[in-house]
Amino acid sequence: MPSRKLAAEKLAELMSSLSHPDRLRIVLELRSGEKDVTQLTGILNLAQPTVSQHLVALRLHHLV
């Protein structure tokens, strides 16, 4: 049972990282190919620090 609990906790963390609309938009945008922060800020109409912070959160879960 401990392994199921650990798996559930990890999955909850992953889902939490995708629950922010801007993070989900970033992931969806990156599906079509690599883009740098400057490109993402223009496409998503977000500030550069905001995009960078979201990318850090996504990187922690190996999503980007």
Side-chain angles (χ1 to χ4, degrees):
M1 275 308 188
S3 63
R4 286 188 181 182
K5 181 179 179 185
L6 180 61
E9 289 171 357
K10 292 294 182 186
L11 184 57
E13 289 176 20
L14 175 66
M15 298 303 236
S16 176
S17 70
L18 287 173
S19 68
H20 194 287
D22 291 337
R23 290 185 196 144
L24 191 54
R25 290 173 58 208
I26 289 170
V27 170
L28 292 173
E29 190 59 45
L30 292 176
R31 285 181 19 180
S32 63
E34 290 185 12
K35 293 174 180 63
D36 62 30
V37 174
T38 304
Q39 291 172 308
L40 288 171
T41 59
I43 293 167
L44 301 172
N45 196 30
L46 296 171
Q48 184 272 329
T50 302
V51 172
S52 293
Q53 289 173 355
H54 287 311
L55 286 171
V56 167
L58 293 168
R59 224 177 276 125
L60 288 173
H61 294 288
H62 307 286
L63 295 171
V64 295

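- Here the CD atom belonging to Glu29 is positioned 13.5 Å from the CD atom belonging to Glu34, to the nearest 0.5 angstrom.
- Inter-residue side-chain proximity for Ser17 and Leu60 is flagged as unmet; no heavy-atom pair is nearer than 4.5 Å.
- The structure places CG of Leu46 at 5.0 Å from CZ of Arg25, a figure rounded to the nearest 0.5 Å.
- Here Ala12 pairs with nothing under the side-chain contact (heavy atoms from CB on, under 4.5 Å) rule; sequence neighbours left out.
- One hydrophobic cluster holds both Val27 and Leu11 under the rule that ILVMFWY side chains link at heavy-atom gaps under 4.5 Å.
- The side chain to side chain donor-acceptor pair (under 3.5 Å) test applied to Ser32 returns Lys35, not counting sequence neighbours.
- To the nearest 0.5 Å, atoms CG (Leu40) and CG (Asn45) are separated by 12.5 Å.
- No option in Val37, Ile26, Leu24 other than Ile26 meets the side chain to side chain contact (heavy atoms under 4.5 Å, CB included) test with His54.
- Rounding to the nearest 0.5 Å gives a distance of 8.5 Å between NE2 of His61 and NZ of Lys10.
- Evaluation of the side-chain contact (heavy atoms from CB on, under 4.5 Å) rule for Val64 yields Leu30, Leu55, Leu58, Arg59 as partners, not counting sequence neighbours.
- Under a 3.5 Å cut-off, the side chain of His20 and the backbone N or O of Asp22 do form a donor-acceptor pair.
- Between the side chain of Gln39 and the backbone N or O of Asp36 there is at least one donor-acceptor pair closer than 3.5 Å.
- Donor-acceptor pairing under 3.5 Å is recorded for the side chains of Ser52 and Gln48.
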